[in-house]
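What follows is one structure encoded as structure tokens, with my remarks underneath.
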Amino acid sequence: MLFFQFDMLNVLVGICSITACAVIIFREARPDTKLNYSKFAINGPSCGKMLPSRTGMFMIYCPAFVISLISTCQLIITNTFELQNNYRVLLMSVLILLHYGKRLFEVRFIHHYSGHCRLRDCFTIASSYVGLTVLVKIFTEQVPLSYVCSHLNLLGVVCFIIGECVNFYHHVLLKNLRKDGSKEYKIPKHGLFEYVWCPHYLAEVITFFSMVMISQHWIIFILSVGSSLYLAIRAYNTREWYKQRFDKIPTRYCLIPFIF
């Protein structure tokens, strides 16, 4: 059950969210405009300023991590959540902090990088993560406690833990492909890689919708749907990338086993 409130702020943010999601999905669907990082990075004078991948990924995740850290500390210090009897706001803030903290940990200790990413794309992604972090807090606070379904809250926490663990596990599998020190791309295997090309994206989708279950706000639902469609297109592009790079690849779905 989602909370709908159609005041000026909600309507304006809703329209901007739908527009932003549509733009980024459309850009990702076009080969010449998709975000230029990871295996899709293309070097050249026309690409603009390039950063080492590790530096670029730190740039992507750090701003949202810092904002979620400040938000969490502010809630704890001021006891705002306690005065409003709204522990969901603190819960969401802590979960987002853990999410981006995990991402930074993976950038430093898990992922092996071999390329570069475009500065302007890093800025675009970092801005979207910051926007999502701020909007999730604002609209989670907006949902009245009398409207909140506690069972859905609990399910959201469980789904968040599952999503983060599944994501981390498959990132470790990707890391192990290069444990010999090689920088060459290899076809991933084991775990859900036996069924889909991007199980780590599937886990992110689970995490996105866990936030919907906790916030229970329609704008967070829109943002989660938009983010999931973006990952679906990127998963499809990933399969096509492997088709072009390798002579023979396994038959797998892109993102969701037995569906897509």
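Atom set for the values below is all heavy atoms of this structure, side chains included, hydrogens, waters and symmetry mates excluded.
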Q: List the steps, then state whether ring pair (Phe, Tyr, Trp, His ring centres under 6.0 Å) holds for Tyr253 with Phe260.
A: CA-CA 5 Å; Tyr253 291 88; Phe260 170 71; 8.6 Å; no
Give a yes or no answer on whether the side chain of [X] reaches the backbone of [Y] with a donor-acceptor pair at less than 3.5 Å.
X	Y	result
Gln216	Val143	no
His111	Val107	no
Asn167	His200	yes
His170	Leu192	yes
Arg88	Glu141	no
Ser227	Ser224	no
Ser128	Ile125	yes
Lys49	Leu119	no

Contact between [X] and [Y] at the side-chain level, heavy atoms closer than 4.5 Å - yes or no?
X	Y	answer
Leu202	Leu255	yes
Met57	Cys62	no
Met50	Cys117	no
Arg245	Glu184	yes
Ile187	Arg252	yes
Tyr195	Phe258	yes
Cys73	Ile70	no
Ser228	Tyr201	no

Starting from [Y], can I reach [X] by hopping between I/L/V/M/F/W/Y residues whose side chains sit under 4.5 Å apart?
X	Y	answer
Ile67	Ile138	yes
Val130	Leu104	yes
Met92	Val13	yes
Trp218	Met8	no
Val157	Tyr100	yes

Q | Closest heavy-atom pair and its distance - Cys159, Met213 | A | SG-CE, 3.9 Å
Q: Compare every heavy atom of Ser17 with every heavy atom of Ile219, then report the nearest pair and how far apart it is.
A: CG2-OG, 4.1 Å
Q) So, Arg234 and Glu28, do they make that salt bridge, N to O below 4.0 Å? A) yes
Q.
Between Glu164 and Arg103, does any NZ, NE, NH1 or NH2 come within less than 4.0 Å of an OD or OE carboxylate oxygen?
A. no
**Q.** Arg239 to Trp197, cation-pi by 6.0 Å centre distance and 45° axis angle
**A.** no
Q.
Within 45 degrees of the ring normal and closer than 6.0 Å to the centroid, is that where the cationic atom of Arg118 sits relative to Phe123?
A. no
Q) Passes side-chain contact (heavy atoms from CB on, under 4.5 Å), Phe65 versus Leu97? Steps please. A) CA-CA 6 Å; Phe65 174 81; Leu97 178 64; 3.4 Å; yes
Please verify the inter-ring angle class for [X] with [Y]; under 30° counts as parallel, over 60° as perpendicular, anything in between as tilted.
X	Y	result
Phe168	Phe105	tilted
Trp241	Phe246	perpendicular
Tyr129	Tyr61	parallel

Spatial distance of atom [atom1] ([X]) from atom [atom2] ([Y]) [nearest 0.5 Å]:
X	Y	atom1	atom2	result
Phe221	Leu223	CZ	CG	11.0 Å
Arg120	Leu51	CZ	CG	12.5 Å
Leu145	Tyr87	CG	OH	11.0 Å
Ser71	Ile96	OG	CD1	8.0 Å
Ile206	Met211	CD1	CE	13.0 Å
Asn237	Cys254	CG	SG	9.0 Å

**Q.** From CA spacing to verdict: side-chain contact (heavy atoms from CB on, under 4.5 Å), Ile15, Thr19
**A.** CA-CA 6 Å; Ile15 292 172; Thr19 302; 4.2 Å; yes
(Q) Under a 3.5 Å cutoff, is there a donor and acceptor pairing between the side chains of His217 and Asn10? (A) yes
Q: Ignoring hydrogens and angles, state whether a donor on the side chain of Ser93 or Thr72 is under 3.5 Å from an acceptor on the partner side chain.
A: yes
**Q.** Heavy atoms from other residues, nucleotides or ligands near OH of Tyr113 exceed 12 (cutoff 6.0 Å)
**A.** yes
Q.
For Lys189, I'd like to know if atom NZ has over 12 heavy atoms of other residues, nucleotides or ligands within 6.0 Å.
A. no
**Q.** Verdict with supporting geometry, Val89 and Leu75, side-chain contact (heavy atoms from CB on, under 4.5 Å)
**A.** CA-CA 8 Å; Val89 179; Leu75 285 169; 3.9 Å; yes
Q) How far apart are the C-alpha atoms of Phe208 and Leu231, what are their side-chain angles, what is the distance that settles it, and do they pass the side-chain contact (heavy atoms from CB on, under 4.5 Å) test? A) CA-CA 11 Å; Phe208 287 140; Leu231 290 176; 3.7 Å; yes
